Amino acid sequence: MDIFPRGYSGIWLQIASVWFLMMLMQNFRGSLSTSNYLIGLGSYDITGPAADVNMMGYANTEQIASGVHFRLRARAFIVAEPQGSRVVYVNLDACMASQIVTIKVLERLKARYGGLYTEQNVAISGIHTHAGPGGYLQYVVYIVTSLGFVRQSFDVLVDGIEKSIIQAHENLRPGSIFVNKGELLDAGVNRSPSSYLNNPAEERSKYKYDVDKEMTLIKFVDDEWGAVGSFNWFATHGTSMSRTNSLISGDNKGAAARFMEDWFEKKGHVENLDSQHANKSGTAKIPRRVSSIVPSINENRKEVMEVAASFKSSQGQPATRFSSVAKRVRNSLRLADRPQFVSAFCQTNCGDVSPNVLGAFCIDTGLPCDFNHSTCNGKNEQCYGRGPGYPDEFESTRIIGERQFKKAVELFNKATEQLKGKVGYRHAYVNFSNLEVAQGNGVVKTCPAAMGFAFAAGTTDGPGAFDFKQGDDKGNAFWRLVRDFLKTPNQEQVDCQRPKPILLDTGEMDKPYAWAPSILPVQILRIGQLVILSVPGEFTTMAGRRLRDAVKMVLTSGASKEFGRNVHIVISGLTNTYSQYVTTFEEYEVQRYEGASTLYGPHTLSAYIQEFRKLAAALISGRPVEPGPQPPDLLDEQISLLTPVVLDSTRPGAKFGDVKSDVPLNSTFKRGDMVTVTFWSACPRNDLLTEGTFALVEILQGQKTWVPAYDDDDFCLRFIWSRPSKLSPQSYATIEWRIPQSAVSGVYRVRHFGAAKALFGSISHFTGSSSAFVVA
């Protein structure tokens, strides 16, 4: 018997079908994105002065900036609950964060947004490149080699960080975040293995490697546009570029970020072109790196050579400040109808991790360096680590960057675990100069900052000078005399720092102002099951493991049970300010470079673990924490001894932008060749050309239209600045283009942008271009 008449059953089946399809679509949509966050990303140029300024990282007084390998950027993300908390994370292509930079960025954010973004929920971290301009920290010991404070270095950082956060704020849209992890085995080795081996054997047996090999990546997916960015954390030093390099560079992590952003944009262009071709709607935009002059160079060689020969080098011409901005390749390539893709390769517990993965060798004999002291015949100056591209540091940088990039792409493509849950944060300032730390049944203390003798020995990534060596727990009489001329440590400090022999008692030196920080920020950011520990220094591998384990224990044992076993804890190194290294107690006893640079004594790590446990407990209980003492603002006390640019000039008869050395007449180059052009130029400090470029390679479209193909943000293009003599007002810009294998055949030329200073201070911009040449 039919329950319903035949007509009604048909209607019922139609209703059921529609209901089923609606539920299916809803579930399908939910499987793609059940967004519970607002996400926004931003990126801005922070490339500092490319001339005359000492680079930050190696403390080598002879490492003075003289050009650009590729540009530096600030990359930011904001994650917010729609009606709740939010966090900001900024990753800098810089050696480290700076307390005074952080203070001034927060002041600007307060002026713009009120109490929305504060020291509580904003984290600013550095990738630890050793190839960026220095002079932007406020404590004396970190700006001695840069001849004091460099206002230009400081300003470009503050401006760029603020603008990256503004972009992220204005881009806030509903979206989802996915997390993924994976091992990367060949991008870092332990540069202080003898220190690591001093950790308890039982503890070491828990781990397969003596450095952390895991990369943790988060993927940002906009509800409408799909993937819009990724940030990842992986431990390896930014020291693929050596202590003798003078070109501004983001080193291996900056390179990896550039590779990944370009990979995604290229992928987007291909998909965009395919879509337009398939739909046959509109005219597909030709990517700027594709020549349309002739279908085939080989078939039309004579015609192409004639076209190239018709474009001679131009005389230098006046230009506007924005000429180079308009010609920037990535401004031309960006798809205007979607958000910019932002990818950051962040630093974590890299303290004892080197990218020079072939090991450390004596440059005089070629033999491995001494295991315990990293010396060659008792001297540290001859012991250098070798990168995978040895002896080419640019190639080593590319390889280590590419390895991180490829792992990030793999994790990005396979990321399926979605972050869900609260957005939260806790932050406190802590005085580390005399902090009581509970240990067992007793109490120990940290010490005022001090640096040991082995600090001056440097590392295998960048050895020091004189007769210092790593593993020195005694010091010597001569250098004690030199030390005492500055400040003699008292017996209490000597006992507190033991077994470190004190070379510089920086925590007790305050002339002309403080030499080292005492008050440090500690901070936890939470996005669902991801927890970021913001630390103001470089934790070694085992120190980082202990900190992560301690925080995980607090989070997973809480009564609220908010965190399960799948909590992801990452350390964000060199964040919010800088206070050098943090080793384990056992590593400190060995007094290699990292232990000698652990400022606050043997119990520094225990102090961090104690304070982060407090933050973690407060995070899960919802309790506030005491803000602690504010760090000083020393901006008005800064001293700068760097001389300003007085004027620029050329030889008689030459103009700024004129070609001094051109490509050969009627020249043809192959992929892999180096094209070199030199221009009459002016000091790059006159204008940093922020979001612009000093160097440009253009490709001919049609018969007379030049479009940007490569600029000084490309790994293959180098801008090298020089003077004929140190005090000369004349200078040159040499642009080197290593033609990549991906370059298309066509007619090219090299172009230079700059700014010259007249005697009475006026700045005038200029440009010039080489003769055209063919890439076949």
Side-chain angles (χ1 to χ4, degrees), residues 33-42 76-91 102 105-106 108-110 112-125 161-162 164-179 218-223 228-229 231 233 346 418-429 521-535 551 554-556 558-564 566-572 575-576 611-628:
S33 174
T34 53
S35 62
N36 53 342
Y37 300 128
L38 299 176
I39 60 172
L41 290 92
F77 72 72
I78 298 176
V79 178
E81 295 175 311
Q83 302 298 325
S85 298
R86 61 182 60 200
V87 294
V88 182
Y89 187 89
V90 185
N91 184 245
T102 301
V105 168
L106 292 172
R108 291 193 183 187
L109 294 177
K110 183 177 181 180
R112 181 179 291 271
Y113 298 113
L116 195 59
Y117 302 117
T118 70
E119 63 199 18
Q120 298 284 320
N121 64 346
V122 175
I124 302 172
S125 176
I161 295 168
E162 180 193 24
S164 72
I165 295 173
I166 292 171
Q167 284 182 22
H169 178 84
E170 293 178 348
N171 287 337
L172 279 169
R173 297 161 49 88
S176 303
I177 308 169
F178 298 85
V179 62
I218 54 175
K219 174 181 180 178
F220 296 91
V221 181
D222 183 285
D223 276 4
V228 290
F231 278 55
W233 291 263
C346 311
Q418 189 169 349
L419 295 183
K420 298 179 181 179
K422 296 178 182 177
V423 173
Y425 49 85
R426 289 295 184 273
H427 175 284
Y429 287 115
V522 290
Q523 181 187 51
I524 291 182
L525 304 181
R526 176 200 178 173
I527 307 168
Q529 65 269 33
L530 174 72
V531 175
I532 302 171
L533 311 181
S534 301
V535 301
V551 171
V554 174
L555 294 177
T556 56
S560 66
K561 303 298 181 185
E562 284 186 52
F563 292 95
N566 70 329
V567 60
H568 304 283
I569 300 175
V570 296
I571 290 173
S572 173
T575 302
N576 294 328
E611 297 308 308
F612 270 97
R613 278 176 171 160
K614 292 178 184 177
L615 293 184
L619 182 70
I620 58 176
S621 68
R623 298 192 312 268
V625 295
E626 289 293 325

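Nothing here was measured: the structure is a model prediction, and the numbers come from that model.
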Donor-acceptor contact below 3.5 Å, side chain Asp222 vs main chain Ile39: no

Going by atom type alone, with no hydrogens or angles, which donor-acceptor pairs under 3.5 Å involve a side-chain atom of residues 78-87 and a protein atom two or more places apart or on another chain?
residue, atom, partner, partner atom, Å
Glu81, OE1, Ser85, N, 3.2
Glu81, OE2, Val423, N, 3.3
Arg86, NH1, Tyr117, OH, 2.8

Straight-line distance of Asp223 CG to Leu38 CG, nearest 0.5 Å: 9.5 Å

4.5 Å side-chain heavy-atom contact, Val531 and Leu533: yes

Distance, nearest 0.5 Å, that separates CG of Leu109 from CD1 of Ile161: 9.5 Å

Qualifying residues under side chain to side chain donor-acceptor pair (under 3.5 Å), relative to Gln167, sequence neighbours excluded: none

Ser176 versus Gln418, closest heavy-atom pair with distance: OG-NE2, 3.4 Å

Atom pair CZ/CZ of Phe220 and Arg173 - distance to nearest 0.5 Å: 15.0 Å

Side chain to side chain, Arg112 and His169, heavy atoms closer than 4.5 Å: no

Parallel, tilted or perpendicular: ring planes of Tyr89 versus Trp233, cut at 30 and 60 degrees: perpendicular

Nearest-0.5 Å distance, CD1 of residue Ile124 to OG of residue Ser164: 8.0 Å

Closest non-hydrogen atom pair, Gly528 against Phe563: O-CE2, 3.6 Å

Closest non-hydrogen atom pair, Ser534 against Ala123: OG-CB, 3.8 Å

For Pro624 against Arg426, the heavy-atom pair lying closest together: CA-NE, 4.3 Å

Spacing of CD1 belonging to Ile569 relative to OG1 belonging to Thr556, to within rounding of 0.5 Å: 7.5 Å

Contact check, side chains of Ile524 and Phe612, non-hydrogen atoms, under 4.5 Å: yes

Positive for side chain to side chain contact (heavy atoms under 4.5 Å, CB included) with Tyr425, one of Val122, Ile527, Asn121, Leu615: Asn121

Residue pair Gly40 / Leu172: nearest heavy atoms and the distance that separates them: N-CD2, 3.6 Å

Side chain to side chain contact (heavy atoms under 4.5 Å, CB included) partner of Arg526, the single match among Leu419, Leu555, Leu619: Leu619

Over all atoms of both residues, closest heavy-atom pair of Gly421 and Tyr37: O-OH, 2.9 Å

Distance in Å, Gln120 CD paired with Gln523 CD, rounded so as to fall on 0.5 Å steps: 8.0 Å

Main-chain N/O of Ile532 paired with Ser572 side-chain donor or acceptor, under 3.5 Å: no

Donor-acceptor pair, side chain of Glu119 and main chain of Thr102, under 3.5 angstrom: no

Salt bridge (charged side-chain N to carboxylate O under 4.0 Å, His left out) contacts in which one or both residues fall within residues 612-626, not counting sequence neighbours: Glu611-Lys614

Side chain to side chain contact (heavy atoms under 4.5 Å, CB included) assessment of Ile166 paired with Tyr113: CA-CA 10 Å; Ile166 292 171; Tyr113 298 113; 3.7 Å; yes

